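First the structure, in the form of structure tokens, and then the observations on it.
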Amino acid sequence: MNRAFNFAAGPAALPDEVLQIAQRELMVYGDLGHSIMEMSHRSSTFIEVAEHSEATLRKLLGINDDFHVLFMHGGATMQFALIPLNLATPNTSAEYAITGYWSKRACKEAQRIRTAHAVTETDTYIAPESSWDRVDNSSYLYFTSNETLRGVQFHEFPSPEHTPLVCDMTSDFLTRPVDVSNFGLIYAGAQKNAGIAGVTIVIVRKELCRPLESNELHFLNYQTHAQYDSMYNTPSTFAWYVSGLYFDWIVKEGGVEVMQQRAAQKSEVLYRVIDGSNFYQSPVAKEHRSVQNVTFYLPDERQHHHFLKEASNANLKNLEGHREVGGIRASLYNAVTQEGVDTLCDFMQDFENRHG
């Protein structure tokens with residue numbers, strides 16, 4: 001079997017070991033005689049899987065008992081609405097640091113529900129926090145730690161001094177150590193660095209979870225999901241199970257510190273090729289470049305098609321940039337190997353020699 005080098009932005013590459021375990025256990029889980037996909041989420045077996053997954057994640061990030069860890073439906077997009085519904089009130093504002101496509105979408109969704117104020121708006125760099133237009137009655141400051149379209153990343157997080165930090169960490173979750181105690185809420189769709197599509201992990205400070213009001217829906221309240229251990233209704237059981245396998249793999253590999261070291265090495269090699277070239281151009285300020293999503297453009301837009309076709313033929317898959325911005329995007333998530341990045345770099349240099 002010839003596995004491709006997969007640079008997809010999400011759903012993204014999975015570690016071979018995780019896939020192999022899921023494959024081995026797909027038909028029969030343990031001694032049950034059936035698949036984990038065929039059992040009740042209320043069964044003692046699945047509850048053990050769920051509890052192990054949460055415990056391993058808490059260990060990886062040092063999450064203490066001040067926080068709920070929820071495994072939810074709806075992807076990151078549902079969190080765009082749940083966050084203002086749960087954390088803001090009609091009498092307060094929510095602050096949004098817009099540094100790209102996803103934080104802008106989150107802000108627009110929040111504005112449908114509450115008063116949401118953009119404190120900064122950029123897409124190829126991050127303005128200094130001292131220049132942000134802050135407000136006094138803020139319920140939280142929302143930001144996206146890594147914007148996948150352009151490849152803009154917070155290498156240092158905003159200050160938690162004035163208001164709770166809320167972070168969409170979908171595309172760099174579990175790729176580096178994070179002091180969770182500095183945040184009010186962190187969430188991440190699992191399909192990039194922590195599993196497959198179908199589950200969104202929410203780490204929320206317990207004191208921010210408010211009781212359900214009489215005119216609100218149970219399903220839209222964080223406290224409801226915490227009270228029912230993320231099983232208020234049937235969860236995405238298989239996705240939850242795969243996330244647990246992914247967490248175990250990260251522990252086995254050495255933890256998030258090792259993921260951070262590998263990410264730095266992979267991105268450094270690729271940016272070196274881009275910066276050493278007169279052919280490839282990066283649109284992002286160097287100090288804010290992502291180590292997860294490396295984006296670049298060729299001199300002539302017509303060359304992008306040839307680049308992608310030749311790359312695919314060379315077993316380098318899913319390098320097309322997002323439809324909003326075009327170009328080339330190599331996503332270097334946890335499961336992407338150094339061998340894959342080195343192969344991409346060799347291909348890029350050869351392509352430049354032939355077409356530059």
Side-chain angles (χ1 to χ4, degrees), residues 3-16 99-101 123-126 145-155 170-176 192-193 253 256-301 303-322 325-356:
R3 293 261 300 159
F5 296 117
N6 181 9
F7 296 94
L14 291 164
D16 286 354
T99 54
Y101 178 83
D123 70 351
T124 58
Y125 69 100
I126 299 170
S145 55
N146 182 73
E147 286 279 1
T148 58
L149 267 71
R150 296 283 190 187
V152 175
Q153 187 172 31
F154 280 87
H155 297 295
T170 294
S171 53
D172 58 359
F173 188 62
L174 296 179
T175 67
R176 55 179 167 173
K192 299 180 187 293
N193 284 297
E253 292 295 301
V256 291
E257 294 81 6
V258 170
M259 298 298 109
Q260 183 181 41
Q261 294 166 7
R262 292 179 181 176
Q265 182 177 349
K266 288 183 290 188
S267 61
E268 181 182 354
V269 169
L270 186 48
Y271 280 124
R272 190 183 304 140
V273 170
I274 294 169
D275 291 339
S277 165
N278 293 319
F279 188 72
Y280 304 109
Q281 300 111 31
S282 168
V284 180
K286 286 187 178 182
E287 63 270 26
H288 301 132
R289 285 176 174 174
S290 171
V291 299
Q292 298 299 315
N293 306 99
V294 177
T295 64
F296 55 93
Y297 293 88
L298 281 64
D300 187 333
E301 187 175 343
Q303 291 174 313
H304 288 85
H305 171 75
H306 298 297
F307 181 96
L308 292 167
K309 183 177 180 180
E310 290 191 24
S312 181
N313 291 337
N315 225 22
L316 301 161
K317 306 292 186 178
N318 299 311
L319 285 162
E320 186 172 4
H322 191 277
V325 297
I328 309 297
R329 174 175 57 180
S331 296
L332 311 182
Y333 299 139
N334 284 339
V336 175
T337 63
Q338 185 66 51
E339 179 188 4
V341 176
D342 291 342
T343 303
L344 173 60
C345 290
D346 290 342
F347 168 80
M348 289 171 61
Q349 291 171 325
D350 177 66
F351 188 90
E352 179 180 1
N353 290 336
R354 290 183 291 109
H355 297 281

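The basis for the numbers below is simple: all heavy atoms, side chains too, and nothing from hydrogens, waters or symmetry mates. All figures in this text were calculated on a predicted structure; none of them were measured in a lab.
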Distance in Å, [X] [atom1] paired with [Y] [atom2], rounded so as to fall on 0.5 Å steps:
{"X": "Glu268", "Y": "Gln265", "atom1": "CD", "atom2": "CD", "result": "7.5 Å"}
{"X": "Asp350", "Y": "Cys345", "atom1": "CG", "atom2": "SG", "result": "13.0 Å"}
{"X": "Ile328", "Y": "Ser282", "atom1": "CD1", "atom2": "OG", "result": "13.0 Å"}
{"X": "Ile274", "Y": "Glu352", "atom1": "CD1", "atom2": "CD", "result": "11.0 Å"}

Have [X] and [Y] got a donor and an acceptor in their side chains that come within less than 3.5 Å?
{"X": "Glu147", "Y": "His288", "answer": "no"}
{"X": "Ser290", "Y": "Asn146", "answer": "yes"}
{"X": "Thr175", "Y": "Asn193", "answer": "no"}
{"X": "Asn353", "Y": "Gln349", "answer": "no"}
{"X": "Gln292", "Y": "Ser171", "answer": "no"}

Is any side-chain heavy atom of [X] closer than 4.5 Å to a side-chain heavy atom of [Y]?
{"X": "Phe279", "Y": "Leu298", "value": "yes"}
{"X": "Phe296", "Y": "Arg329", "value": "no"}
{"X": "Arg262", "Y": "Val258", "value": "yes"}
{"X": "Asp342", "Y": "Val269", "value": "yes"}
{"X": "Glu253", "Y": "Asn334", "value": "no"}
{"X": "Tyr297", "Y": "His304", "value": "yes"}
{"X": "Phe7", "Y": "Leu344", "value": "yes"}

Taking all non-hydrogen atoms of both residues, which atom of [X] and which atom of [Y] are closest, and how far apart?
{"X": "Ala8", "Y": "Asn6", "answer": "N-OD1, 3.0 Å"}
{"X": "Arg3", "Y": "Leu14", "answer": "NH2-O, 3.9 Å"}
{"X": "Lys266", "Y": "Val336", "answer": "NZ-O, 2.7 Å"}
{"X": "Gly340", "Y": "Leu316", "answer": "O-CD2, 4.2 Å"}

Taking the six-membered ring for Trp, are Tyr271 and Tyr280 closer than 6.0 Å centroid to centroid?
no
Which is it for Asn293 and Thr148 under the side chain to side chain donor-acceptor pair (under 3.5 Å) test, yes or no, and what are the steps along the way?
CA-CA 6 Å; Asn293 306 99; Thr148 58; 5.3 Å; no
Going by the angle between their ring planes, with limits at 30° and 60°, are His355 and His306 parallel, tilted or perpendicular?
parallel
Criterion salt bridge (Lys or Arg N to Asp or Glu O under 4.0 Å) on Arg176 and Glu257, from CA distance to verdict:
CA-CA 6 Å; Arg176 55 179 167 173; Glu257 294 81 6; over 6 Å; no
